[in-house]
Amino acid sequence: MRLRFAPSPTGYIHIGNVRTAVYNYIIAKKYNAELILRIEDTDKERSTKEYETMLIEDLKWLGLAWAEGPDTGGSCGPYRQSERFKIYKDFTERLLQNGNAYHCYCTPEELEAHRKEAAAANKPIVYSGRCRNLPAVEKMKFEAMGRKPSVRFKLPEDVSIEIDDKIKGRVVFDSENIGGDFIIVRSDGVPVYNYIVVIDDAMMKITNIIRGEDHLSNTPKQILVAKALGFTPPVYAHHGLVLGPDRSKLSKRHGITSLRRYREQGYLADALLNYLSMLGWASESGEEIFSIDEIAKQIDIEKLSNSPAVFDFQKLKWMNGQYLRKYPLDKITDLFIPYIKEAGYDPNKIEKQQLEVIISILQKKCDLLSEIKSFIGIFLAEVLEPDEETDMLLKEEDSKKIITEAYEFIKTNTADKDSLIGALVSFAKGRTGLKGKKLFMPIRGILTGRLKGPELDDVVPVIGLDKSRKRIEYMFNRYI
RNA sequence: GUCCCCGUCGUCUAGGGGUCUAGGACACAGGGUUUUCAUCCCUGCAACAGGGGUUCAAAUCCCCUCGGGGAUGCCA
């Protein structure tokens with residue numbers, strides 16, 4: 001069994017395509033099959049080498065791996081379509097010679113006009129076949145005009161093409177409504193996706209194709225090409241697409257769509273992998289947090305979802321939090337460090353043990369790695385500006401009482417850093433009669449500048465006596 | 001327009017003729033733990049798109065309608 005993932009490097013890789021890659025990876029893992037990475041870069045306008053590099057980097061970051069590809073090599077290379085033109089050219093010659101393809105001299109403008117006409121008349125958009133049997137004289141006329149022909153595949157008439165799809169079941173297309181003879185080589189000599197995908201899959205000995213259902217209507221064309229070339233078509237499996245909340249194909253206007261952005265925001269590769277494979281599949285037990293090995297054990301091609309799935313940003317975040325809290329301290333510390341730097345602190349200046357204590361406290365509070373940026377100052381800053389909601393709270397009369405008492409407290413305090421918070425709370429409680437939320441939230445505000453955050457019992461021993469005192473003085477001066 | 005695919009709580013899904021008063025998870029609401037926000041635990045809310053068949057019996061099989069998506073490129 002040989003599988004492939006074939007992205008085109010026209011931008012940061014889209015999360016929907018990543019899901020397809022993940023499925024291929026998992027199924028390959030399950031059956032111990034080879035996974036091939038092929039770069040489909042024939043769209044010269046949009047493909048770049050930079051995107052290819054980033055695409056591979058992102059996929060590797062996610063934890064995917066492949067047996068053959070442009071970076072790893074392999075016996076069926078090259079693995080970039082732009083480097084395989086010679087192969088395609090030979091096949092095109094063959095098709096031209098045995099009458100399965102022909103030159104077409106129609107210009108894009110003419111074709112566009114024809115399409116518009118058909119659309120206006122509410123007729124199906126089909127290529128007229130004008131150049132299918134073009135007399136030699138006409139050809140010469142066009143050549144003399146300087147027109148460069150494209151190559152079209154000659155569609156057999158009155159045949160129905162049957163796909164035995166592993167997910168969709170049996171799907172049948174009639175050759176009549178495939179849209180007419182389709183272009184396989186552009187007039188500039190660059191061959192087109194629907195054509196070369198067939199050649200590459202055959203030459204690379206691909207046995208199974210798992211891809212999005214946006215490719216389902218291309219499949220009959222590909223099967224026809226395969227037959228004309230004498231290839232046995234692979235086994236197909238078309239899974240449902242990823243949609244946005246409005247149920248259209250997930251796109252930028254719905255939120256983040258590129259794997260790279262998720263990575264930057266501090267999503268974990270394991271969580272992403274888990275969520276993506278769970279989007280359109282469920283385990284028998286109903287459990288949802290699984291390692292990739294466990295998923296590979298349980299999942300199967302036929303069980304992949306048939307219908308489209310709305311991407312649930314909230315659930316992904318929840319799942320990420322589950323992973324984040326489970327990670328061992330040394331691993332999660334390394335992952336957090338870049339975000340601590342982003343927040344403007346230098347982790348190298350902090351003693352390793354101290355840093356790990358801080359991380360172990362903050363790990364409990366974060367769903368995303370980047371969220372540490374809003375908490376880290378609680379430990380590393382000297383004094384903190386209260387945020388808006390904290391400011392509102394500290395302006396209240398009850399809060400002012402507590403600020404005053406806290407200030408009194410530090411003047412006479414004899415507690416050490418570990419008993420400080422307990423002593424402060426009882427002191428303030430005893431003097432003001434306030435308790436619960438009324439008591440605790442202002443103290444949290446005074447010490448951290450925020451209403452949300454890690455346990456004060458954890459925070460105060462870490463920041464110590466001096467810093468606590470400074471922050472209380474600061475708030476006293478500010479509000480009283 | 002035409003072709004193809006899809007249709008169970010708001011979302012991801014389980015279910016594939018009787019075990020369905022339809023199960024789980026996220027979200028949401030309420031409660032408990034935490035002298036606080038969060039975490040965690042418990043409870044609740046909430047769905048078979050509609051209409052016809054087939055059958056003793058339909059979420060499950062068939063047909064129609066409706067709704068959604070995709071394709072219809074010298075993009076992939």
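Chain letters run A, B, ... following the sequence lines, proteins first, then strands; residues in each count from 1. These values consider heavy atoms only, across backbone and side chains, with no hydrogens, waters or symmetry-generated copies.
Checking the phosphate oxygens (OP1, OP2) of rA76(B), a side-chain nitrogen or oxygen of Arg186(A) falls inside 4.0 Å. Between Thr42(A) and rC75(B) there is no side-chain N or O to OP1 or OP2 distance below 4.0 Å. Residue Asn177(A) places none of its side-chain N or O atoms closer than 4.0 Å to OP1 or OP2 of rU2(B). A sub-4.0 Å separation between OP1 or OP2 of rU39(B) and a side-chain N or O of Lys326(A) is absent. For Arg115(A), a side-chain nitrogen or oxygen approaches OP1 or OP2 of rG73(B) to under 4.0 Å.
Going from atom CG of Leu273(A) over to atom CZ of Arg19(A) covers 13.0 Å, rounded to the nearest 0.5 Å. Note that CG of Leu424(A) and CD1 of Ile443(A) are 4.5 Å apart. Values are rounded to the nearest 0.5 Å.
Nearest to the side chain of Glu455(A), among rU34(B), rU35(B), rC5(B), sits rU34(B). Out of rA71(B), rC6(B), rG69(B), the shortest distance to the side chain of Ser307(A) is found at rC6(B). Closest contact between the side chain of Pro124(A) and the listed nucleotides rG1(B), rU35(B), rC3(B) involves rG1(B). Nearest nucleotide to the side chain of Glu288(A), out of rU36(B), rA76(B), rG24(B): rG24(B). Residue Ser426(A) has its side chain nearest to rU35(B) when only rC74(B), rC5(B), rU35(B) are considered. Listed nucleotides rC5(B), rC75(B), rG69(B) differ in distance to Leu241(A); the shortest reach to its side chain belongs to rG69(B). Among rC74(B), rA38(B), rC12(B), the nucleotide with an atom closest to any side-chain atom of Leu279(A) is rC12(B). Considering only side-chain atoms of Gln81(A), the nucleotide from rA76(B), rU13(B), rC5(B) that sits closest is rA76(B).
For the pair Asp457(A) CG and rC37(B) P, the interatomic distance rounds to 14 Å; values are reported in whole Å.
Rounded to the nearest Å, the gap between the C1' atom of rU21(B) and that of rA27(B) is 25 Å. Taking atom C1' in both rA59(B) and rG18(B), the straight-line distance is 13 Å, to the nearest Å. Taking the C1' atom of each, rA29(B) and rU35(B) are spaced 25 Å apart, rounded to whole Å. Using P as the reference atom, rC9(B) and rA46(B) are 14 Å apart when rounded to the nearest Å. Across the P atoms, rC40(B) and rG23(B) are found 23 Å apart, a figure rounded to whole Å. Distance check on atom P: rA71(B) versus rC62(B) gives 27 Å, rounded to whole Å. When the C1' atom is compared between rG51(B) and rA14(B), the two are found 27 Å apart, to the nearest whole Å. Taking the P atoms as reference points, rG24(B) lies 9 Å from rG44(B), given to the whole Å.
At a threshold of 4.0 angstrom between heavy atoms, the contacts of Gly280(A) are confined to the sugar-phosphate backbone, with no base atom among them. Here Ser283(A) lies out of heavy-atom contact (under 4.0 Å) with every strand. Residue Ser187(A) is in base contact, counting any heavy-atom pair closer than 4.0 Å across all strands shown. At a threshold of 4.0 angstrom between heavy atoms, the contacts of Leu111(A) include nucleobase atoms, whether or not backbone atoms are also involved. At a threshold of 4.0 angstrom between heavy atoms, the contacts of Gln314(A) are confined to the sugar-phosphate backbone, with no base atom among them. Nucleic acid contact for Arg247(A): sugar-phosphate only, since backbone atoms but no base atoms lie under 4.0 Å from a heavy atom of the residue. Among the atoms of the strands shown, base atoms are found under 4.0 Å from some heavy atom of Lys365(A). Residue contacts shown for Leu439(A) include a base, since a base heavy atom lies under 4.0 Å away. Using a 4.0 Å heavy-atom distance criterion, Asp312(A) is classed as a base contact. Val425(A) comes within 4.0 angstrom of a nucleotide base, judged by non-hydrogen atoms across all strands. Residue contacts shown for Asp188(A) are absent, as no nucleic acid heavy atom lies under 4.0 Å away. Residue-level contact check: Met278(A) touches the backbone only, with heavy atoms under 4.0 Å from sugar-phosphate atoms and none from bases. Contacts of Ala119(A) with the nucleic acid, taken as non-hydrogen atoms under 4.0 Å apart, are absent. Nucleic acid contact class of Cys106(A) (heavy atoms, under 4.0 Å, all strands): base.
Considering Tyr275(A), Tyr262(A), Tyr323(A) in turn, Tyr262(A) is the only one that fulfils the side chain to side chain contact (heavy atoms under 4.5 Å, CB included) rule with Tyr267(A).
A donor N or O paired with an acceptor N or O is not found under 3.5 Å between the base of rC3(B) and the side-chain atoms of Ser217(A). Under 3.5 Å, the side chain of Asn218(A) and the base of rA76(B) form at least one donor-acceptor pair of N or O atoms. Between the base of rA25(B) and the side chain of Lys315(A) there is a donor-acceptor pair shorter than 3.5 Å.
Side-chain N/O atoms of Ser160(A) and Asp174(A) include no donor and acceptor closer than 3.5 Å. For Thr92(A) and Tyr195(A), the side-chain atoms include at least one donor-acceptor pair closer than 3.5 Å. With no hydrogens or angles considered, a side-chain donor-acceptor pair links Arg211(A) and Thr219(A) at under 3.5 Å. In the model, Asp391(A) has a side-chain atom that pairs as donor or acceptor with a side-chain atom of Tyr479(A) under 3.5 Å.
Here rU19(B) sits opposite no nucleotide as a Watson-Crick or G-U wobble pair (both hydrogen-bonding atom distances under 3.5 Å). Using Watson-Crick or G-U wobble geometry with both donor-acceptor distances under 3.5 Å, rC28(B) finds its partner in rG44(B). rG7(B): Watson-Crick or G-U partner is rC66(B), with both key distances under 3.5 Å.
Pairing each heavy atom of Asp200(A) with each of Tyr88(A), the nearest pair is OD2-OH, 2.7 Å. The two residues Tyr236(A) and Ile163(A) have their closest heavy-atom pair at CD1-CG2, 4.2 Å.
Under the 6.0 Å cut-off for aromatic ring centres, Tyr25(A) and Tyr23(A) do not qualify, their centroids lying 6.0 Å or more apart.
Phe142(A) and Tyr105(A) have parallel rings, their planes meeting at less than 30° on a 0 to 90° scale where 60° marks the start of perpendicular.
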Might you list the N or O atoms of the protein lying below 3.5 Å from N or O atoms in nucleotides 40-50 of chain B, with each pair's distance?
unit_1, atom_1, unit_2, atom_2, d
rC40(B), OP1, Gln322(A), NE2, 3.3

